[in-house]
S.K.: 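Sharing a structure below in structure tokens format, with a few things to ask.
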Amino acid sequence: MKRLLVMPFLLLLTGCNIKVLDSRSDTANDQAFLIIYSFSLMLIVVLVVSILFIRFVFKYRYTEERKDNIPPDVKGNKWLETAWVIGPLLLLAILAVPTIMMTYDQSPVLSTESEQEGTSVQVTAEQFNWTFEHANGKTEQNRLVIPEGGTILLHLKSEDVIHSFWVPRLGGKVDVMPDRELVYEIKNPQIGTYEGKCAEYCGLGHTNMKFEAEVVSADEYASYLNEK
Amino acid sequence: MKFTLFGVNIMLPSDVLAAWVFTLLLGAVVVFLVLKKKRLGLIWEYMVTTNHRKIGILYILFGIIYFFRAGLDALFIRTQLAFPNNDFWVFQGEKYNEVFTTHGTMMIFFVAMPLLLGLMNTVVPLQIGARDLAFPFLNAVGFWLFFFGSIFFNISFFLNMTPEIGWTGYAPLSTEQFTPGAGSDFYIFGLQISGLGTIFTALNLIVTIVRHRAPGMKMTRMPLFAWTSLITSFLILIAFTVLAIALYLLMFDRLFGAGFFSGTEGNPIYWQHLFWIFGHPEVYILALPAFGIFSDVISTFSRKRVFGYPIMVLSVALIGFLGFMVWAHHMFTVGLGPMANTFFAITTMLIAVPTGIKVFNWLFTMRLGVIRFTTPMLFSLGFIPSFVMGGVTGVMLSVSAADFQFHDTHFVVAHFHYVIIASTILGIFAGLYYWYPKITGYVLDEKLGRWHFWTFLIGFHLTFFPMHITGLEGMPRRVYTYDDSGGLAELNFMSTIGAFLMGVSMLFAIWNVYKTYKEGRKVGNDPWDGRTLEWSVASPAPEHTFDPMPVVEGIDSFWFAKSAGKKMPVTDQVRATPLEVQSILPFLIGSTLFFLSLGLTFSWYWLSILSAFILFTLLVVRSLKDEREDHYGRRK
Ligand code: HEM
Ligand SMILES: [Cu+2]
Ligand SMILES: [Cu+2]
């Protein structure tokens, strides 16, 4: 349903192929939906203000005929003022509903509170490297391999300062904290190779703290795990 | 460059060397000019002054100097980011981290704050019919604390010890373990000293506005700039106190290994909470006074009173109040949980409502009016659509699940520059053009003003609009380079052109000031056909204003008296006025805090103890004297 709503916008935007909107997982897809949904609502606001602005500035500009005009002493207008309290409130209510739904669905939680099932990967960040450890103990640096479909559970922990895990096409960021382990879910990723990076400023090598995220088929993942 | 001085090997990178050469040359020119024109006396006059207009001028002067300094940083940032995989001068890695830290910190604390405080200082007393701020001595102390705090922050660069922790100074990166150098200490003490000064000035403004209004100037008749200054001062009082606490704890962590923000007892999240409980209200501290300026300017140049005055005041108060309930929207990705994320998403959205009210009320102030396109009005008109664009991206950011994508990307950089530049910076320009006659006695050139406005506005949109897209293309903030993919190259190049256009626009501004000074065409009391009290006193405002004291009979009563062809009634029943003094003590008090901090930074504890002792002595000296005694007699 949600995906249907997004379709026309996505078609419009595939021309520019913006990474965050060109999502490759359900998680990122929901976020792209929210971005476009809020953008469309906000476009209404911008349009209303722009129309009034252009109209008033043009119509009431200073001209030779109106040089000595003393405008009426308007103090305000109860009805109009009520209108622009109620209007924005309604608009925000429309925005708040999917916001709350998806925030509950997607907010990262503490490892100890997570109840989800899925493929777990232990992510450890340190200045300026990523280490990914899989269920069977296989570890690799700066390359994350995960199976397509299903739910991926990333358990994130930092060795030193705060970092942030981000693969724009697969989902939003989650901070990697030194004092707690967070879990972030990526739902139903699609096959492909995507760029990932650290998004929280962490010092000298922050710019280059990148990694590669590879989504592969389940079979390939199994054989990846068993590779030496 | 490497060299040896007093047996110490000193390494100076070329940018620091360039700064030394440039500063020394400029300093020599300034000293030469001062001596040639025999202006030493003038400098001394400003060092000992406690007059609100002069202190306002000092704030504005240094705000503008730092604007060029931090603007130069911005140009370095944009030049480095002009092309993919670019290597401009030294600005990669560490130097890039330093340059965005100084840019952000200075723009917020040493540009926007002093410019606004300067305008409040000069204008608020004139608008409400006060002869000075309630505590002129404290006002001078406030300014010199700001001054020495900003100098303390700035010398770090000349010593090649620039902070590199971002303007947010997140722990644990800012703790001693990860940034052992003196840089972070310069950040801590620089902000601590100047923040203290800001708190003093806020207190001063509150007392002034509550106690020293002209007869008949009820709260409900005050111009909106006075109202926003009042509410802003309350915000400062709370927010800057929280900042002071945060910096204090961080100082203990760094100097004495206290461990508030790291280790097993402490927690880095505490810093983020404290910082944003200060930091979010701070953006309203920057925006609200600008709202006040726009309200006054739009009303004056539409020849109409502000539409819906009560709700305009109420919405400012509401924004101020809600401003303290949204701080964790900067922390959606930290893992506070779905409950907290939802709560802060909703409160953030709610702030949009009072803000929207203000926008519509400004629009309807213009409706039916006669809109004159003077330079201050152009800046105010430029503000409305630009600010709305920044506001709506703010609402988009409040959608917490979407913010997982936006957070810490150039989308956010675009958002907050749209908000801050459209409100604060355009507001400051509007205010400076508007009140320039009241401050100096000259009116700035309109033609150059229009050039300044249009180049700035176009440059601004050209710089920041593309950043929305680069952010969504996956470009994080605080990175010094990027690959050429997804149009990043073209968009970033556009940004850089825009930034330089803004740089050019500032040259028009300087040229304008210079030209106005050269031509020296004096203006009368009321060059804009103003509505509020400040236009009833001479330009420039004399040291002793409101003699005789006018009686206010309603909103914009100066304008209504004027259009009825009458004079405002006057009275000699006035409250005792604050007394101006000439004193070097405020300057000295500021400098002792400077040396105290210097001692703590480099563990020269003898210097700190000595400075603390002198500071205490100065405070005692001050407490023994009450200049009002000579004037009003001793209190029984
Ligand atoms: C005049 C033109 C300006 C330009 C071209 C400009 C450009 C930039 C750019 C490109 C960044 C992002 C750096 C990065 O994340 O890698 C930045 C950061 C920032 N700017 Fe500006 N800026 C300007 C004016 C301002 C003003 C007027 C303010 C505030 C009053 C301001 C406050 C900030 C802050 C707080 C940051 C964040 C610094 C940090 O990440 O720690 N800037 N600016
Ligand atoms: Cu990083
Ligand atoms: Cu905020």
Side-chain angles (χ1 to χ4, degrees), chain A residues 17-21 31 34-35 38-39 42 45-46 49-50 52-53 56-57 60-62 66 69-74 76 80-81 84-85 88-89 92 95-96 99-100 102-104 106-110 161-162 164 168 172-175 178-180 182 197 199-204 206-207, chain B residues 93-94 166 170 172-173 178 267-268 303-305 307-309 311 333-335 337-338 341-342 345-346 349 352-353 356-357 359-360 363-364 366-373 381 384-385 388-389 392 395-396 399-402 404-405 407-409 469 472-474 476 478-481 486 563:
Chain A
N17 219 357
I18 292 177
K19 282 200 189 96
V20 162
L21 302 178
Q31 290 162 351
L34 275 181
I35 292 174
S38 57
F39 177 71
M42 288 302 114
V45 177
V46 174
V49 172
S50 306
L52 290 178
F53 178 80
F56 291 170
V57 170
Y60 300 107
R61 71 191 186 283
Y62 176 96
R66 307 183 67 237
N69 187 340
I70 297 287
D73 187 26
V74 187
L80 281 174
E81 287 166 56
W84 52 70
V85 175
L89 274 177
L92 290 177
L95 181 58
T99 301
I100 297 175
M102 288 189 199
T103 301
Y104 264 89
Q106 295 196 343
S107 289
V109 291
L110 292 178
V161 299
I162 303 172
S164 191
K173 303 166 195 70
V174 55
D175 287 0
D179 66 306
R180 65 185 72 186
L182 293 177
K197 52 194 102 188
E200 175 70 52
Y201 172 62
C202 55
L204 205 52
H206 168 60
T207 304
Chain B
E94 186 171 26
Y170 270 19
L173 188 64
F178 297 104
N267 194 321
R303 221 179 270 168
K304 271 183 74 215
R305 72 162 81 202
F307 188 88
Y309 178 93
I311 201 171
T333 58
V334 168
N341 282 0
T342 306
I346 300 297
M349 286 179 190
V353 177
I357 295 174
V359 172
F360 285 110
L363 289 174
F364 275 75
M366 295 193 290
R367 183 166 174 265
L368 303 177
V370 179
I371 303 173
R372 283 177 291 158
F373 298 108
L381 291 176
I384 293 178
V388 168
M389 285 172 71
V392 297
V395 174
M396 290 172 70
V399 178
S400 34
F404 299 154
Q405 287 286 16
H407 183 69
D408 265 341
T409 66
I469 305 170
L472 291 180
E473 274 294 355
R478 297 171 170 178
V479 297
Y480 64 83
T481 195
S563 51

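Naming convention: chains lettered A, B, ... in sequence-line order (proteins, then strands); numbering from 1 in each chain. Computed from a predicted structure; not experimentally measured.
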S.K.: If you count heavy-atom pairs within less than 4.5 Å of chain B, which of A:Val45, A:Val57, A:Leu89, A:Leu110 leads?
M.R.: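 Maximum pair count with chain B is reached by A:Val57.
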S.K.: Determine the minimum heavy-atom distance between B:Gln405 and A:Pro168, stating which atoms define it.
M.R.: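 In terms of heavy atoms, the two residues are closest at NE2-O, 3.0 Å.
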S.K.: Heavy-atom pairs under 4.5 Å with chain B - which of A:Val74, A:Ile70, A:Val85 has more of them than the others?
M.R.: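 Heavy-atom pair counts peak at A:Val74.
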S.K.: Hey, are the side chains of A:Val49 and B:Pro385 touching, using non-hydrogen atoms and a 4.5 Å cut-off?
M.R.: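 No, side chains not in contact.
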S.K.: How long is the gap from CZ on B:Arg478 to OG1 on A:Thr207, to the nearest 0.5 Å?
M.R.: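 OG1 of A:Thr207 is found 11.5 Å from CZ of B:Arg478.
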S.K.: With distance as the sole test, does A:Arg66 use its side chain to make a donor-acceptor pair with the main-chain N or O of B:Gly369 at under 3.5 Å?
M.R.: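 Looks like yes, one N/O pair under 3.5 Å.
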S.K.: Tell me, for A:Val109 versus chain B, whether the close heavy atoms (under 4.5 Å) come from the side chain, the backbone, both or neither.
M.R.: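 Interface part for A:Val109: side chain.
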S.K.: Where does A:Pro72 contact chain B at under 4.5 Å (heavy atoms): side chain, backbone, both or neither?
M.R.: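 Contact with chain B involves both backbone and side-chain atoms of A:Pro72.
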S.K.: Among the options B:Gly93, B:Ala345, B:Pro338, pick out the one with the most heavy-atom pairs lying under 4.5 Å from chain A.
M.R.: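 The residue among B:Gly93, B:Ala345, B:Pro338 with the greatest pair count is B:Pro338.
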S.K.: For residues B:Gly337 and A:Ser107, report the shortest heavy-atom separation together with the two atoms involved.
M.R.: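 Scanning both residues completely, I find the closest heavy atoms to be C-CB, 4.2 Å.
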S.K.: For the interface with chain A, which of B:Ala352, B:Ala402, B:Gly308 has the highest count of heavy-atom pairs at distances below 4.5 Å?
M.R.: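 When all of B:Ala352, B:Ala402, B:Gly308 are compared, B:Gly308 has the most.
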S.K.: Roughly how far, to the nearest 0.5 Å, is the OH atom of B:Tyr170 from the SG atom of A:Cys202?
M.R.: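 Answer for the SG-OH pair, A:Cys202 versus B:Tyr170, is 13.5 Å.
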S.K.: When you check the side-chain N and O atoms of B:Asn341 and A:Thr103, is any donor under 3.5 Å from an acceptor?
M.R.: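 Checked: B:Asn341/A:Thr103 side chains show no N/O donor-acceptor pair below 3.5 Å.
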S.K.: Which one wins on heavy-atom pair count under 4.5 Å against chain B: A:Tyr201, A:Tyr62, A:Tyr104?
M.R.: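 Option with the greatest count: A:Tyr201.
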S.K.: Taking atom CG of A:Leu95 and atom CE of B:Met349, what is their separation to the nearest 0.5 Å?
M.R.: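 Between A:Leu95 CG and B:Met349 CE, I get 4.0 Å after rounding to 0.5 Å.
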S.K.: Can you find a heavy atom in the side chain of B:Asn267 that is under 4.5 Å from one in the side chain of A:Arg180?
M.R.: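 Result yes, sub-4.5 Å side-chain heavy-atom pair found.
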S.K.: As an exercise, state the distance from CG of B:Asp408 to CG of A:Asp175, rounded to the nearest 0.5 Å.
M.R.: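 Nearest 0.5 Å value for the CG-CG distance: 7.5 Å.
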S.K.: In Å and rounded to the nearest 0.5 Å, what is the OH to CZ distance from A:Tyr60 to B:Arg303?
M.R.: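 It is 15.0 Å, given to the nearest 0.5 Å.
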S.K.: Heavy-atom cut-off 4.5 Å, strictly under: side chain, backbone, both or neither for A:Asn69 against chain B?
M.R.: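 Both backbone and side chain.
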S.K.: When rounded to the nearest 0.5 angstrom, what distance separates CG in A:Asp73 from CZ in B:Arg305?
M.R.: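 With rounding to 0.5 Å, CG (A:Asp73) is 4.0 Å from CZ (B:Arg305).
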S.K.: Taking B:Thr409, B:Val392, B:Ile384, B:Ile469 one by one, which has the highest count of heavy-atom pairs under 4.5 Å against chain A?
M.R.: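 Counting heavy-atom pairs under 4.5 Å, the top option is B:Val392.
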S.K.: Under 4.5 Å, counting heavy-atom pairs only, tell me which of A:Arg61, A:Lys197, A:Gln106, A:Glu81 racks up the most with chain B.
M.R.: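 Looking at each of A:Arg61, A:Lys197, A:Gln106, A:Glu81 in turn, A:Glu81 comes out on top.
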S.K.: Please flag which part of B:Phe360 lies under 4.5 Å from any non-hydrogen atom of chain A: side chain, backbone, both or neither.
M.R.: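 For B:Phe360, the contact with chain A is made by backbone and side chain together.
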S.K.: Kindly assign one of parallel, tilted or perpendicular to the pair B:Phe307 and A:Trp84, based on the angle between their ring planes and the thresholds 30° and 60°.
M.R.: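 Tilted: the ring planes of B:Phe307 and A:Trp84 meet at 30° to 60°.
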S.K.: Could you have a look at B:Thr342, B:Val399, B:Thr333 and say which one has the most heavy-atom pairs with chain A under 4.5 angstrom?
M.R.: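 Ranked by heavy-atom pairs under 4.5 Å with chain A, first place is B:Thr333.
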S.K.: With respect to chain A, which residue among B:Leu363, B:Val479, B:Leu368 yields the maximal number of heavy-atom pairs within a distance under 4.5 Å?
M.R.: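 Looking at each of B:Leu363, B:Val479, B:Leu368 in turn, B:Leu368 comes out on top.
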S.K.: Which bit of A:Leu204 comes within less than 4.5 Å of chain B, counting heavy atoms only: side chain, backbone, both or neither?
M.R.: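 Both backbone and side chain.
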S.K.: Just by modelled atom types, is the B:His407 backbone N or O under 3.5 Å from a matching donor or acceptor in the A:Lys173 side chain?
M.R.: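 Here the side-chain-to-backbone pair exists.
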S.K.: Taking all heavy atoms of B:Leu173 and all of A:Gly203, pick out the closest pair and write down the distance.
M.R.: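 Closest pair (atom of B:Leu173, atom of A:Gly203, distance): CD2-N, 4.1 Å.
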S.K.: Looking only at heavy atoms, which two atoms of A:Ile18 and B:Glu473 are closest? And how far apart?
M.R.: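 Heavy-atom minimum between the residues: CA-OE2, 3.5 Å.
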S.K.: Which heavy atom in B:Met396 sits nearest to a heavy atom in A:Ser38, and how many Å separate them?
M.R.: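 For B:Met396 and A:Ser38, the tightest heavy-atom pair comes out as CG-OG, 3.6 Å.
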S.K.: Quick check on B:Pro172 against chain A: is it the side chain, the backbone, both or neither that has a heavy atom closer than 4.5 Å?
M.R.: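 For B:Pro172, backbone and side chain are both near chain A.
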S.K.: Return the option, out of B:Val353, B:Ile346, B:Val334, B:Val395, with the maximum number of heavy-atom pairs under 4.5 Å with chain A.
M.R.: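 The option with the most such pairs is B:Val334.
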